[in-house]
Amino acid sequence: MRIPCPYCGPRDSSEFAYHGDAAPRRPAVGNAAAMADYVYLRANPAGPMEELWYHAQGCRSWLVVTRDTRDHAISNARLAATRSPA
Amino acid sequence: MRYSVVSLLAGALTGNRRWTPAWRDAAPKPAYDVIVIGGGGHGLATAYYLARTHGIANVAVLERGWIGGGNVGRNTTIIRSNYLLPGNIPLYELSLKLWEGLEQDINYNAMVSQRGVLNLYHSDAQRDAYARRGNAMRLHGIDAELLDQGAVRRLYPFLDYDNARFPIQGGLLQRRGGTVRHDAVAWGYARAASDRGVDIVQNCAVTGFLREGGRITGVETTRGTIRAAKVAMAVAGSSSQVADMAGFRLPIESHVLQAFVSEGLKPIIPGVITFGAGHFYISQSDKGGLVFGGDIDGYNSYAQRGNLPVVEDVCEGGMALMPAIGRARMLRSWGGVMDMSMDGSPIIDHAPVEGLYLNTGWCYGGFKAIPGSGYAFAHLIARDEPHPAATALRLDRFALGRVIDEKGQGAQPNLH
Amino acid sequence: MTSHRLASGGLIDRATPIGFSFDGRPLTGHAGDTLASALVANGIRLVGRSFKYHRPRGIVSAGPEEPNALVEKGRGPRREPNTRATTIELHPGLDAASQNRWPSLAFDIQAIAQFAAPILGAGFYYKTFMWPAALWERLYEPAIRRAAGLGRLSGAADPDAYEKAHAFCDLLVIGAGPAGLAAALTAGRAGARVILVDQDFRLGGRLLCERVEVDAMPGPVWAGEVEAELKSLSNVRILTRTSAFGLYDGEVGAVERLTDHLPVTPAGEARQRLWTLVPKRILLAAGAIERPIVFGGNDRPGVMLASAMRTYVERYAALPGRQVALFTTTDDGWQTAASFARAGSPLAAIIDARREVPEAVRALAGDVPVFLGARVLDAIGGQSLRAIDIVGDHGRRRLAVDGLAVSGGFNPDLALTTHLGHKPVWSDERAAFIPGDLPANVAVAGAAAGRFTLAAALADGARLGAEAAREAGHTPAETPAFRAGDEPCAVAPLFHVEGGRGKAFVDLQNDVTDSDVALAAREGFVSVEHLKRYTTLGMATDQGRTSSVNGLAILAALTGRTIPETGTTRARPPHVPVAIGALAGLHRGRDFKPTRLTPAHGWAKEQGAIFVESGPWLRAQWFPKAGETDWLQSVTREVEAVRAGVGICDVSTLGKIALSGPDVGTFLDRVYANTFSTLPVGKVRYGLMLREDGFVMDDGTTARLGPDEWVMSTTTANAGKVMQHLAFCHQVLWPELDVQMVSVTEQWAQFAVAGPRSRDLLEALFGPEADVSDAALPYLGCTTLALGPTRARLFRISFSGERAYEIAVPAGYGDALARALMAAGRDLGVTPYGTEALAVMRIEKGHVAGAELNGQTVARDLGLGRMLSKKKDYVGRLMAERAALNEASRPTLVGLKPTVAGVRLRSGAHVLPLGVPPTAEHDQGYVTSTAYSPTLGSWIALALVANGPARHGEEVRIHDPVRSGDVVATIVSPVFVDPEGARLHG
């Protein structure tokens with residue numbers, strides 16, 4: 001699987017570490033139930049999904065990659081840091 | 001028809017024409033006492049124990065495709081109960097005990113072979129971690145032996161002892177562990193359940209749930225509406241989708257685990273060996289193929305296939321451990337979709353929706369757990385209380401912090 | 001001249017005879033032969049035994065689809081089991097042996113199994129061997145295992161090396177037959193980067209095996225010209241002896257056999273190379289594989305695929321039989337008749353299942369008896385075919401033959417296109433699966449696409465080659481038109497002839513017969529996946545190439561369904577079996593994983609250090625001195641030296657992360673459980689980092705060397721994990737914070753200098769100008785000082801509990817630093833100490849390390865609950881506050897001391913109350929770390945015990961059944977030495 005890193009170009013997925021679904025947002029201070037959901041519950045879709053990959057053996061950027069979990073087709077990758085803060 | 005040497009001989013004398021289907025290919029009835037969604041190992045075992053142990057035979061197993069087509073048909077066939085944590089050990093040991101009498105119970109030879117499972121250690125810290133585990137097993141009355149290098153060498157002289165990057169120091173051996181002919185487990189349970197009256201309905205996909213006043217009262221399927229007092233899901237690889245139909249999310253990610261088999265070879269590896277310094281475990285099937293695997297690919301997937309870097313990683317582990325397999329050839333690989341839970345341990349519990357029962361999160365421990373999981377799940381469904389061996393495997397343990405994290409990796413499913 | 005070698009023709013090098021042996025018998029072939037063709041040329045029929053019934057078997061094919069002719073190639077540690085004779089290039093000294101037979105190939109005692117065949121049908125083992133249960137492992141299974149399996153591994157380490165390579169291209173062409181050559185040439189001429197792979201050692205594919213012309217040149221000549229031109233193009237890479245075995249996401253796996261055709265792998269060279277190919281587009285031009293027909297005795301040696309017979313005649317000038325009949329249902333089969341006629345050995349008969357055959361096809365055979373509308377019912381013979389029984393409009397008759405060529409149609413070799421989950425579709429017209437839905441960047445050409453004529457293959461190749469070149473931004477000159485014939489290629493499907501007396505095999509290698517398929521269907525295994533798994537059909541080393549479609553067709557007929565209704569099984573990689581050694585490459589033995597060495601490794605080695613693996617690192621474990629007889633003696637000396645004087649320890653493996661930016665303090669407050677924003681310049685603070693689920697991730701110190709210069713240390717094991725976590729926290733959670741960070745683990749060498757004389761040593765090291773007084777550098781202070789040509793960072797922190805420092809220099813000075821420390825400390829008796837002494841001292845002080853930071857502990861468990869700030873949000877806070885994680889009954893850190901001096905405690909032992917049976921319900925915790933404490937003169941331990949802190953003074957049982965250990969210890973404070981911390985300042 002080749003991940004199109006915005007800095008490094010398409011690179012083998014073995015250069016990356018995976019962190020799963022990019023959708024959950026860390027909740028505001030003090031909401032323990034929301035925090036438990038954030039930490040543990042996942043939609044786990046069968047289909048396109050925004051997910052977090054870390055280019056550990058490259059530029060060390062965290063990426064938001066849009067990938068279809070049914071066939072691994074990647075339609076987009078961007079830097080996580082550019083998204084609106086949680 | 002009962003299987004035996006006599007029936008085989010009788011079959012042979014009549015040109016093998018008198019054999020009948022191993023299980024009835026049932027059409028769905030309008031209603032059942034219990035519907036089990038998923039005709040894999042766990043679903044079929046659950047139906048069997050509902051009928052056998054609890055006398056609930058008005059049961060349908062609904063399978064989207066053909067039975068045994070999920071992870072029970074795509075794994076490395078290993079059984080063992082060498083777990084560390086008290087939340088897990090009883091269930092896996094229940095399972096191993098059931099394996100030990102399974103074939104006589106279901107009248108089907110699944111080739112349960114207690115060839116021993118050896119986990120190698122390569123450092124003092126790893127030795128101590130295995131000692132902790134072995135001691136935990138012994139406290140639960142389970143066999144476990146901590147071997148030093150010499151003892152491992154006597155068992156497996158062809159491992160790399162002298163030129164290894166991470167030299168083998170010893171291993172934790174569970175002699176009662178071993179392997180089982182995986183497909184036969186699905187077929188054997190299906191046949192035994194069917195004989196007791198369970199309807200096994202293939203090519204029947206669940207498309208939605210029936211609800212009355214918040215309670216689930218049946219399912220919509222591609223073969224019509226089917227009602228049931230209780231609906232149980234055992235759908236590894238689709239758990240999140242079925243949960244989504246019922247309106248809740250699970251602490252589960254779906255990941256692909258590849259497994260591999262070599263061309264047939266004359267016997268060389270008697271038992272199951274797990275490398276401790278890389279991702280590799282191996283055994284040899286009765287047919288002669290080396291059956292081996294490693295780590296999950298590490299990204300969410302429903303594709304039932306993986307990628308080359310993990311194949312290489314597994315083979316690197318294999319060659320580091322036993323360089324004698326260099327000239328054996330990998331014949332086939334396959335990928336199973338694992339319900340990877342957030343703590344690496346399974347869930348057998350009521351679902352958050354009334355009338356629905358949940359069996360999920362087996363990660364890559366699912367195959368070995370089939371009898372125990374089916375037994376405990378049937379108990380929960382029949383009696384509405386957890387089986388004593390599964391009291392810790394609750395869904396609310398995540399929110400409460402009572403996680404069962406064997407590897408200490410935290411809420412990161414691809415690391416378990 | 002060998003018995004069955006034709007006097008002329010073929011692509012073998014008649015000037016180069018090659019001696020080889022089969023089952024010890026010396027034989028001769030030629031360069032250009034395969035083992036199979038050389039055996040055919042020597043008139044050898046019997047080459048193997050089948051898997052289950054041990055039936056005698058001969059060569060069936062001329063390619064990688066071969067199910068029968070599997071041999072053990074080579075001897076000793078280089079013995080390679082299950083190697084197809086049809087793909088082994090003949091080389092001098094080739095030593096091949098048949099397998100899965102005993103005592104000999106001609107007389108195999110297990111062949112008696114075939115007389116028990118009625119009870120050994122599909123799945124028989126599921127129905128018996130269950131009584132008594134104990135006999136399964138002891139009796140039945142060992143017997144089955146001995147009988148099963150094919151060839152033998154040597155049991156010795158593979159002596160050859162393997163390597164890996166990556167390559168990128170615009171177009172990957174798989175298969176160098178007419179379609180592949182046309183495509184590679186067209187795309188290559190246009191300037192596209194092309195990689196052309198073929199499993200054969202010679203380019204040309206079917207052009208080498210047929211009597212055909214392209215552009216008025218004989219096939220092999222045209223192939224040779226194309227090859228020459230391709231080799232002249234720098235943008236084209238040709239990989240022969242290379243099998244593309246798997247399509248993966250964006251990548252293709254291929255294995256190149258570099259030296260298998262040589263007598264031995266030359267020293268320093270790899271035997272095989274694993275390629276990861278990254279193509280923009282893929283053109284599959286892998287051709288098609290002929291399909292046998294299932295009839296009685298169809299496994300008798302001498303029954304061969306018609307196209308394979310033709311290949312032996314045309315390419316290898318070897319005659320597979322002298323009295324050969326053809327059983328065909330295709331036009332193509334008749335080409336074999338033509339080949340035999342040209343070779344001067346006309347066929348004995350042609351049996352075509354079709355009632356009508358075009359005149360042009362009939363003309364190919366010459367004057368040969370032809371039976372139209374007829375079928376072969378049975379092949380008769382033992383170790384070699386003697387006769388066939390045919391049935392048809394002419395009635396039934398027996399023909400004496402010594403060979404039977406069979407042509408049942410062609411299966412396009414499409415497996416690679418299904419690896420990513422796409423399915424082929426059935427074509428009634430071509431009686432074959434042809435490409436259906438394809439991966440986006442894959443095209444299929446020629447016979448692989450079900451377009452079986454030579455002209456179509458060439459046209460496909462040229463068109464798709466040009467398309468790929470355009471796609472890659474090149475402009476091909478006019479698409480070349482290759483001239484070739486449009487030979488007849490009609491097929492009338494025939495999969496199975498019923499009514500024969502002999503066993504009719506669907507899967508030759510796994511001995512699956514038509515009656516096994518029928519039995520499976522009767523027992524309800526009517527899904528094609530069930531059929532495959534129940535009967536093992538298609539699961540042999542040939543991966544069902546010659547058996548799957550026939551099995552499917554027979555099942556379809558039995559269940560009254562069409563072939564598409566019955567389904568198809570999905571092919572999975574690898575398409576050809578691949579040596580595990582090749583997939584591992586160089587990663588074996590000591591090269592399994594990289595070894596990381598600290599900058600002062602050489603110095604430690606000179607000191608005689610014993611090294612230990614610490615993850616990827618090698619660290620000095622202890623430094624034995626002359627006269628010391630065991631590790632404990634050395635480690636005890638090192639501990640005593642540190643506690644009494646001064647020692648140095650290489651701690652360069654600790655993770656180091658440099659941070660800068662105005663928001664570092666805020667950032668650290670969010671990632672550490674305790675507060676860092678208040679840390680003044682010149683100070684160090686111990687920090688505890690949690691995972692978001694509330695459990696402890698790592699601990700370490702962070703120093704503030706300047707207003708905007710922070711450096712964090714992590715444990716050795718978690719260096720990468722913490723870096724990733726910090727990057728996550730910054731880039732994903734709080735990108736608005738102005739922080740920069742980089743891992744500098746590799747950039748700095750770091751030594752601990754510990755012991756009451758450590759300051760004296762530093763004074764000697766830095767000289768009188770430097771101020772390392774307690775006033776200038778108090779406990780938990782940090783500074784930078786000039787040291788020789790560089791600047792050193794100096795941190796006053798202590799893991800040992802003694803007055804101690806850590807000194808860091810740029811990595812290039814690490815070795816010099818070690819030597820300078822030793823020189824500066826000579827008069828102080830400085831002692832280098834290793835990780836064992838380090839561990840002893842931290843256990844004596846009750847400091848937690850890897851064994852306690854095992855991912856299953858929360859701060860409270862480790863006695864660090866007071867570090868959890870209540871004044872701020874940080875990663876893990878909310879989850880750590882959950883009630884279940886704050887119960888007193890959780891195992892919590894304590895010290896243990898045996899009640900009897902000298903008794904050893906071991907990590908991994910469990911802790912139980914006294915006077916209860918050792919069962920799980922009484923399990924109260926476990927020992928995490930143990931050491932012999934020279935300071936206390938006793939073994940001591942750290943443990944996690946339920947209600948631990950409330951139980952100091954209680955005696956407990958330390959239960960270690962896996963090491964037969966069972967001792968009594970007293971629960972004590974985890975801080976064994978200097979609980980007041982006075983020595984930190986001493």
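The chains referred to below are lettered A, B, ... by the order of the sequence lines, with proteins before strands, and numbering in each begins at 1.
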Contact part of C/Arg691 toward chain B, heavy-atom cut-off under 4.5 Å: side chain, backbone, both or neither?
-> side chain
Of the backbone (N, CA, C, O) and the side chain (C-beta and beyond), which part of C/Gln272 lies under 4.5 Å from a heavy atom of chain B, both, or neither?
-> neither
Can you check whether C/Gly908's main-chain N or O pairs, donor with acceptor, with B/Asn135's side chain at less than 3.5 Å?
-> yes
Relative to each other, are the rings of C/Phe592 and B/Phe275 parallel, tilted or perpendicular (30° and 60° limits)?
-> tilted
Using 4.0 Å as the upper bound for N to carboxylate O, is an ion pair formed by C/Asp158 and B/Arg329?
-> no
Is B/Asp128 paired with C/Arg963 through a side-chain N to carboxylate O contact shorter than 4.0 Å?
-> yes
Measure distances from C/His922 to the heavy atoms of chain B and classify the residue's part below 4.5 Å as side chain, backbone, both or neither.
-> neither
Counting only N and O atoms by type, is there a donor-acceptor contact under 3.5 Å from the side chain of C/His910 to the main-chain atoms of B/Leu139?
-> no
Is any NZ, NE, NH1 or NH2 atom of the basic residue among C/Glu523 and B/Arg191 found under 4.0 Å from an Asp or Glu carboxylate oxygen of the other?
-> no
Heavy-atom donor-acceptor pair, B/Asn109 side chain to C/Thr128 backbone, under 3.5 Å = yes
Most contacts with chain B, counted as non-hydrogen pairs under 4.5 angstrom, among C/Gly524, C/Gly123, C/Gly151, C/Pro918 | C/Gly151
Of the listed residues (C/Ala909, C/Gly155, C/Ser907), which shares the most heavy-atom pairs with chain B below a 4.5 Å separation?
-> C/Ser907
NE2 (C/His530) and CH2 (B/Trp187) are apart, to the nearest 0.5 Å, by 6.5 Å
For C/Ser154, is it the side chain, the backbone, both or neither that has a heavy atom under 4.5 Å from a heavy atom of chain B?
-> neither
Can you list the steps and then say if C/Asp160 with B/Arg327 is a side chain to side chain contact (heavy atoms under 4.5 Å, CB included)?
-> CA-CA 9 Å; C/Asp160 284 328; B/Arg327 293 174 115 81; 2.9 Å; yes
